[in-house]
Asker: 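Would you mind keeping the following structure in view while I ask a few things?
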Amino acid sequence: MTDYRRLRVALLGAGAVGSQVASLLLRHGDELADRAEARLELVGIAVRDVDAPRDVDLPRELFTTDAEALITGADIVIELMGGIEPARSNILLGLGSGADVVTANKALLATHGPEIYEAADRVGASVYYEAAAAGAIPIIRPLRDSLAGDRVVRIMGIVNGTTNYILDRMDSEGADFADVLADAQRLGYAEADPTADVEGHDAAQKAAILASLAFHTAVPLDAVHCEGITGVTAAMIEEARAAGFVIKLLAVCERLSGEDTESISVRVYPALVPRTHPLASVHGANNAVFVEAEAAGSLMFYGAGAGGVQTASAVLGDVVSAARRHIAGGTGVGESTRANLPVVPIGHVWTRYQITLEVADEPGVLATIAGLLSEGGVSVATLVQTVVAGEDGAEGATARLIIGTHRAADSALSAAVERLTASDVVERVVSVLRVEGE
């Protein structure tokens with residue numbers, strides 16, 4: 001056995017991911033040592049309750065409630081506790097003690113990333129977070145390293161497995177949102193409180209991280225436009241299918257170029273994706289990130305976006321990278337945010353809309369609606385009209401319109417929807433969806 005240098009590894013948290021990381025470190029220690037050229041010794045696991053039941057059988061003597069003592073004696077700290085505190089304080093303590101940090105904490109990085117990166121820079125340490133954006137999918141290293149010499153133009157990704165599972169089931173089975181959500185909770189794909197997933201907050205945190213890397217700009221979480229999927233209905237799914245689209249919750253990070261200025265847009269919302277686009281074929285709880293770069297062209301990264309052992313794979317890849325840095329010496333690789341591009345509101349983005357309306361079935365209605373749209377420079381590209389039957393089975397006095405618009409500023413489209421909502425000829429704005437990936 002090669003006599004490798006020994007590196008002390010502290011693990012914070014032993015949940016679904018943490019317990020798998022600990023198990024793999026213990027089981028594959030020799031292989032990992034050969035890859036890292038260092039013996040990775042798991043010296044302890046900090047938890048709130050050492051006697052809590054866990055899915056993986058781990059040596060009880062590794063568990064401790066004294067996180068501070070564990071952190072200050074470590075070369076590498078793996079933070080898998082989640083949440084903001086005490087995770088933030090523990091990471092800062094680890095960096096201040098000279099340790100490199102590996103984390104999967106998207107919420108923390110999206111809200112306190114700059115503070116953490118600055119703390120690492122001050123001591124020459126590194127923060128690794130491959131598992132924070134798309135589970136097992138390698139996307140952080142490609143953006144930070146492989147594409148560092150290129151110019152990323154756009155990122156469009158499915159980065160939340162729960163919502164993709166729900167929307168995929170609704171698309172393939174015609175099921176209702178509430179029914180599929182209940183199934184997802186029974187299967188463990190969704191939490192008992194699914195708000196962070198279904199309202200888009202989880203995806204927004206990941207979008208902030210991806211955009212910061214891709215555009216070398218600190219992107220605060222409150223600058224990310226966020227909409228969830230709770231308003232998506234089976235009827236909307238069917239209308240999308242009829243028009244050749246599938247509905248996906250997308251995280252979109254885009255570089256916007258004006259005559260003399262550049263800015264970026266970061267947004268999360270359910271969108272219509274053409275069924276011919278690669279993201280349309282991402283099924284179940286899987287994730288995929290589609291990257292467009294000036295020189296490299298289009299790239300797609302696909303795989304499991306969650307799961308204990310799958311996410312542990314990304315975490316351990318970071319641990320090996322951190323160990324190699326320790327052995328090689330030198331300062332850590334800092335985060336590049338020098339581009340400092342402004343993050344603009346969604347109104348600056350140019351998109352297409354699909355607007356579904358219930359309107360009075362009367363002469364002149366179509367002309368009125370076209371006029372309301374054109375007031376702000378929005379023009380109709382496609383129109384499908386169906387007449388809704390009355391209670392006695394005869395044709396009623398209501399028509400359903402599905403309007404596809406040409407590209408226009410999102411602010412103009414939103415204003416047009418407001419005019420439609422206020423119009424006497426519109427009985428109800430049924431749904432409004434943006435189109436992405438054309």
Asker: Using a cut-off of 6.0 Å, state whether more than 12 heavy atoms not belonging to Asp424 lie near its atom CG.
Answerer: no
Asker: Has Arg255 got its NZ or CZ under 6.0 Å from the middle of the six-membered ring of Phe215, at an angle within 45 degrees of the ring axis?
Answerer: no
Asker: Any chance you could lay out the salt bridge (Lys or Arg N to Asp or Glu O under 4.0 Å) test for Asp318 and Arg141, step after step, and finish with the verdict?
Answerer: CA-CA 10 Å; Asp318 280 345; Arg141 283 190 189 86; 2.7 Å; yes
Asker: Evaluate the ring planes of Tyr189 and Tyr165, with Trp represented by its six-membered ring, and classify them as parallel (under 30°), tilted (30 to 60°) or perpendicular (over 60°).
Answerer: tilted
Asker: Pick out which of Ile209, Asn287, Leu210 makes a side-chain contact (heavy atoms from CB on, under 4.5 Å) with Ile139.
Answerer: Leu210
Asker: Do other residues, nucleotides or ligands put more than 12 heavy atoms under 6.0 Å from the CG atom of Asp55?
Answerer: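 It does not: Asp55 CG has 12 such atoms or fewer within range.
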Asker: Would you say Thr233's side chain and Met236's backbone share a donor-acceptor pair under 3.5 angstrom?
Answerer: yes
Asker: Specify the closest pair of heavy atoms between Tyr353 and Ser414, including all atoms of both residues, with the distance to one decimal.
Answerer: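 For Tyr353 versus Ser414, the nearest heavy atoms are OH-OG, 3.4 Å.
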Asker: For the CZ atom on Arg275, are there more than 12 heavy atoms of other groups (residues, nucleotides or ligands in this structure) within a distance under 6.0 Å?
Answerer: yes
Asker: Is it the case that atom CD in Gln385 sees more than 12 heavy atoms from other parts of the structure closer than 6.0 Å?
Answerer: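 Enclosed: over 12 neighbouring heavy atoms sit under 6.0 Å from CD of Gln385.
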Asker: Check whether any side-chain heavy atom of Ile355 lies under 4.5 Å from a side-chain heavy atom of Leu401, and answer yes or no.
Answerer: no
Asker: Between Arg400 and Asp361, is the closest basic N to carboxylate O distance under 4.0 Å?
Answerer: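 Looking at Asp361 and Arg400, the cut-off is not met.
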Asker: Can you check side chain to side chain donor-acceptor pair (under 3.5 Å) on Glu85 and Ser89, steps first, answer last?
Answerer: CA-CA 7 Å; Glu85 288 291 357; Ser89 297; 2.8 Å; yes
Asker: Can a cation-pi geometry be assigned to Arg54 and Phe63, taking NZ or CZ under 6.0 Å from the six-membered ring centre and within 45° of the ring axis?
Answerer: yes
Asker: Given side chains that start at C-beta, do those of Val102 and Val77 come closer than 4.5 Å, heavy atoms only?
Answerer: no
Asker: Please lay out, stage by stage, how Asn105 and Thr103 fare under the test side chain to side chain donor-acceptor pair (under 3.5 Å).
Answerer: CA-CA 5 Å; Asn105 195 330; Thr103 180; 4.9 Å; no
Asker: Take Leu372 and Glu375 through the test side-chain contact (heavy atoms from CB on, under 4.5 Å) and record every step on the way to the result.
Answerer: CA-CA 5 Å; Leu372 291 171; Glu375 280 182 28; 3.8 Å; yes
Asker: Are the charged groups of Arg434 and Asp410 less than 4.0 angstrom apart, N to O?
Answerer: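 Judged by the 4.0 Å cut-off on N to carboxylate O distance, Arg434 and Asp410 do form a salt bridge.
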Asker: Could you check whether Glu254 pairs with Arg267 (Lys NZ or Arg NE/NH1/NH2 to Asp/Glu carboxylate O, under 4.0 Å)?
Answerer: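 Yes, this pair counts.
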Asker: For Tyr302 and Asn286, what are the C-alpha separation, side-chain angles and deciding distance, and is it a side chain to side chain donor-acceptor pair (under 3.5 Å)?
Answerer: CA-CA 7 Å; Tyr302 169 87; Asn286 287 313; 3.0 Å; yes
Asker: First locate atom CG of Asp57, then atom CG of Leu26, and finally report the distance between them rounded to the nearest 0.5 Å.
Answerer: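 It is 10.5 Å, given to the nearest 0.5 Å.
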Asker: Within a strict 4.5 Å, meaning less than it, do heavy atoms of the Asp202 and Val159 side chains meet?
Answerer: no
Asker: Using a strict cut-off of less than 4.0 Å between a Lys/Arg side-chain nitrogen and an Asp/Glu carboxylate oxygen, indicate whether Arg154 and Glu436 qualify as a salt bridge.
Answerer: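 Yes, Arg154 and Glu436 are salt-bridged.
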